[in-house]
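These notes concern the structure reproduced below.
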Amino acid sequence: MRWTRTLLLGLIAGLVIAPHAASAQSRAETLVVVTEVGPNMLDIHAPGANRPSYQAAWNIYDRLITFGSKTLKDGSKMYDYASLKPELAESWQLAPDGMSVTFKLRKDAKFHDGSPVTANDVKWSFDRAVTVGGFPTFQMKAGSLEKPEQFEAVDDYTFRVKFIRKDKLSMPDLGVPVAAVINSKLAKQHATQQDPWAVEWVKQNDAGGGAYRIESWKPGQETIYARFEDWKSGPMPKIRRVIVREIPSAGTRRAMLEKGDADISFDLPPKDFAEIAKEDKLKVTGIPIENSHRYLGMNVVKPPFNNVKVRQAVAYVLPYEKIFSTAFFGRGIILPTPVATNTFGYDPKLYPYKMGDTAKAKQLMAEAGYPGGFETPFYMDAGRTTTDEPAAVLIQEALNQIGIKTTIEKVPAANWRANQGKKEMPLFVDQFGGWLNYPEYFFFWNYHGQNATFNVSSYVNPEMDKWIDSARFETDQKKYAEDVREMQKVAMRDVPRLPFVQLYLDVAMQKNVVGYQYWFHIQLDFRQLAKS
Amino acid sequence: MRRSFLRLVSRRLAAAAPGLAGVVVVTFCLMRALPGDPAAYFAGNAATKEAIEQVRVKLGLDKSLPEQFVSYVRDLARANLGQSVTTGQPVRAEMLARLPASLELTLTALLLAVAVALPAGVLAATRPGSWVDQAVRVLTTAGVSLPTFFTGILLVYVFYYLLGWAPPPTGRLDSLFPTPPRVTGFYLADSLIARDFETFRACLRQLALPAVTMALFVMAPLARMTRASMLGVLGSDFIRTARASGLSSRTVLWTYGFRNAMLPVVTTLGMILSFMLGANVLVEKVFAWPGIGSFALESLLASDYAPVQGFILIMATLYVLLNLAIDILYGIIDPRVRIEA
């Protein structure tokens with residue numbers, strides 16, 4: 001058994017002797033990010049690109065324009081959707097008739113391979129976004145950017161977008177991750193007959209000109225970004241190197257933060273954020289996620305929830321406070337009305353019910369013809385069990401008081417989207433968040449009679465559509481405010497859903513990490529970060 | 001002799017072919033019978049019905065099942081396992097990168113388990129009912145009754161968080177170290193081949209905790225099987241004869257007893273190895289180990305057909321090879337055993 005002894009000794013020796021030499025590298029200009037899942041693609045136009053790939057796209061590509069930033073009351077910083085700032089474009093001019101905009105590109109901008117950024121690259125990239133189909137095409141459409149004919153490279157450094165209608169979302173839509181400017185000369189070298197937009201190549205490679213370039217990428221393990229020293233579209237970022245490690249276990253991510261082996265982390269359970277915020281080792285910044293809410297949904301076309309009185313009865317007993325403190329550990333804001341707290345038109349006074357009025361709820365149930373209640377399955381996304389399961393249990397308990405007996409069904413995350421599309425779930429917990437911070441944009445996806453996937457309740461009401469359609473293109477502020485108020489009133493009267501919380505985007509970081517800024521895509525922008 | 005051996009091996013492999021073909025058909029059908037719509041999943045957040053349909057066409061899921069199957073088999077024939085939509089990578093590349101990671105972890109853990117469990121089992125068998133026997137029983141029972149994710153988290157907590165002896169559980173190798181040039185795909189072996197001892201030690205440190213976690217779990221069946229089998233052999237006639245003939249107790253125990261007790265242990269070993277390869281998902285999760293188990297599970301949750309099919313096919317092939325290897329090992333341990341198809 002001598003070999004076993006040698007092996008064991010070897011293992012123990014390997015464990016105890018720490019390799020000091022290699023870890024001596026300076027950490028001051030390196031940022032270590034830990035995350036549950038990393039990017040699956042580097043090209044946001046590729047089908048199946050996951051959320052973390054928005055982060056990759058955001059940091060390795062530039063856009064024509066970007067958003068300014070504002071400081072909130074508590075000192076935290078967030079992007080400002082109301083102010084557009086130059087990125088690749090130095091300036092822009094709206095045509096007098098308001099039907100086109102002309103951008104002047106900066107002449108010194110380069111891609112990571114050293115070639116200049118020209119208007120042809122912008123045109124190619126936008127043509128690609130509106131043609132490849134799927135998510136990028138529909139995101140462009142949200143800003144009325146639909147056809148390649150709308151984009152014109154006037155000369156190398158002048159680029160024009162023609163509008164097909166006046167849409168206030170057109171300009172901000174040019175600042176979202178989908179509107180990235182791709183190195184078209186490089187990409188075209190890898191285009192094939194079946195793949196004219198070189199999606200296969202761009203999704204695996206860096207074809208950008210953004211502030212960071214990909215140094216190495218091991219999908220499922222680690223992405224390393226290096227600062228692009230020739231970047232001209234803004235002040236040079238402080239962090240030279242960013243290592244994004246994929247650590248599937250939340251406990252490990254927290255341990256690494258506390259041990260100082262990681263600098264910053266999103267996605268921990270709210271309980272951890274609440275605890276970390278109380279301890280003094282790290283700092284936590286929580287900013288309410290714009291234009292989003294988590295809600296209890298009810299199917300309005302199938303009995304028993306097709307009866308509005310049943311849905312209103314649920315409103316009377318929904319335990320808002322308890323859900324907020326027990327399931328979400330206070331990491332958010334109680335939100336009883338559809339429009340989020342930091343979106344135009346937020347008004348909790350529009351909530352017409354008295355919370356916790358069980359007697360009234362019972363009376364409504366009786367009026368609806370269910371004095372003895374009924375039984376129903378109650379669906380939730382198994383991908384969000386950390387928060388949604390305790391929430392569902394509390395709701396189950398509350399509904400029990402008025403005779404609604406629920407069985408909780410956990411749907412695997414992959415099937416959730418399909419379930420949303422089928423619109424057969426009678427009762428469910430779900431969420432939605434919109435990139436563009438406009439209430440009518442949210443309503444358009446969630447409450448409009450177009451019956452998009454996210455209108456999971458199948459709610460169709462011409463009265464509601466009228467307000468939404470009018471708000472979309474309304475230019476008079478006063479009338480616009482009225483549209484938004486009416487939208488919410490109808491939503492609260494018909495209750496196809498009951499919003500209950502607007503969550504924080506929480507991030508935990510070392511105390512020496514400064515400059516963190518919230519972005520609408522809820523991913524990390526490395527450019528503002530620094531270590532003090 | 002050698003020729004007949006080779007013929008037997010090739011006959012065994014040929015006999016496995018229909019089984020593998022069956023696996024291909026069954027996994028293909030099973031994946032499509034599962035609820036869930038990959039097109040809806042991969043269409044992303046703000047997807048409309050048209051967006052979902054566009055993704056469906058892109059994934060080739062708009063075609064009929066027989067058509068999909070034919071193109072799948074055609075790709076297989078070219079050793080193309082398809083594309084993973086979740087990771088955006090070709091499945092073959094993913095498997096080639098992840099299989100060595102899983103194998104390295106599993107084999108190290110198995111080696112560790114064998115190194116501890118076999119002597120422990122033999123020791124327990126030679127002194128049944130003694131305190132040694134009891135201690136081995138307690139240890140192995142504890143090992144098998146603690147779920148691996150719990151042992152894993154416990155080890156991380158103690159050795160990384162509290163004591164700081166272990167490196168952060170971030171997978172196979174810290175990015176400060178260069179990945180050793182690929183020869184075998186096993187980092188330990190590759191770093192030794194490259195004579196990069198610093199990297200070797202770093203790999204070993206990363207490997208230690210997950211390997212111990214898995215070893216603890218599989219030690220129990222090995223030790224129990226060794227003990228039972230040894231007890232049986234030690235009580236048999238030929239051992240009594242050997243003892244009566246005055247052979248040293250060492251020769252009796254190892255040369256006659258242990259060798260004969262090995263057959264059932266090797267069988268158990270084979271079963272454990274194949275079980276470990278697929279079932280170490282939780283260990284992979286806790287230690288961020290880029291193995292095939294967690295990859296297959298995530299793909300399954302996302303209804304990502306190609307990687308799951310590839311995973312099952314590769315596992316089936318591995319099982320076939322493993323069983324063959326074990327049968328050959330039988331022949332070496334006990335020449336009376338014949339490898340028959």
Side-chain angles (χ1 to χ4, degrees), chain A residues 1 4 7-8 10-11 14-19 21-23 25 40-41 46-51 53 133-135 137-139 142 203-204 216 218-222 224 243 245-249 251-252 255-256 258-259 261-262 412-418 420-421 434-435 445 452-454, chain B residues 35-38 40-52 54-55 58-59 85-89 94 97-98 111-112 115-116 119 153 156-157 159-161 164-166 168-171 174-177 198 200-202 204-205 208 284-288 290 294-295 301-304:
Chain A
M1 294 281 108
T4 23
L7 183 87
L8 277 175
L11 273 173
L15 260 177
V16 175
I17 307 162
S23 53
Q25 200 188 58
N40 61 350
M41 301 176 190
N50 63 2
R51 269 183 174 288
S53 55
F135 166 64
T137 302
F138 283 84
Q139 179 61 43
K203 77 181 190 189
Q204 310 273 18
S216 83
K218 292 185 205 150
Q221 298 178 52
E222 182 179 79
I224 301 180
I243 303 174
R245 289 222 170 98
E246 297 178 33
I247 309 292
S249 143
T252 308
M256 285 180 70
E258 292 191 4
K259 290 285 285 182
D261 285 322
N415 300 358
W416 188 253
R417 193 50 55 71
Q420 286 179 326
W435 272 357
W445 288 109
T453 320
F454 300 101
Chain B
D37 182 354
Y41 183 73
F42 293 116
N45 248 353
T48 56
K49 279 208 185 71
E50 300 97 89
I52 293 174
Q54 284 176 359
V55 172
K58 279 230 166 80
L59 297 178
V85 194
T86 344
T87 62
Q89 306 298 313
E94 284 280 358
R98 286 168 175 272
L111 223 65
L112 211 62
V116 178
I153 289 172
V156 168
Y157 181 68
F159 290 101
Y160 166 63
Y161 189 76
W165 293 0
T170 55
D174 194 291
S175 52
L176 292 172
F177 296 92
E198 192 101 334
F200 175 77
R201 206 164 53 191
L204 200 59
R205 279 162 54 84
E284 287 176 6
K285 285 266 176 219
V286 172
F287 294 95
S294 49
F295 175 57
L301 286 178
S303 309
D304 193 355

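Every chain is numbered from 1, with letters handed out A, B, ... down the list of sequences.
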TODO: Taking all non-hydrogen atoms of both residues into account, name the closest pair between B/Val286 and B/Val156 and its distance.
DONE: CG1-CG2, 4.2 Å
- [ ] Go through the atoms of B/Phe295 and report whether side chain, backbone, both or neither lie under 4.5 Å from a heavy atom of chain A.
- [x] neither
Open item on the list: If we define contacts as heavy-atom pairs under 4.5 Å, which of B/Gly164, B/Gly171, B/Pro169, B/Ala97 has the most with chain A?
Closed with: B/Pro169
TODO: Only one of A/Glu246, A/Glu222, A/Gln221, A/Met256 passes side chain to side chain contact (heavy atoms under 4.5 Å, CB included) with B/Thr170; say which it is.
DONE: A/Met256
Open item on the list: How close do A/Ala46 and A/Met41 get, counting heavy atoms only, and between which atoms?
Closed with: CB-SD, 3.6 Å
Open item on the list: Need one label for A/Ile243: side chain, backbone, both or neither, based on atoms under 4.5 Å from any heavy atom in chain B.
Closed with: side chain
Task: Side chain / backbone / both / neither for A/Gln420 at chain B, heavy atoms under 4.5 Å - done: neither
Open item on the list: For B/Phe159 and B/Trp165, take the angle between the two ring planes, folded into 0 to 90°, and tell me which bin it lands in: parallel under 30, tilted 30 to 60, perpendicular over 60.
Closed with: tilted
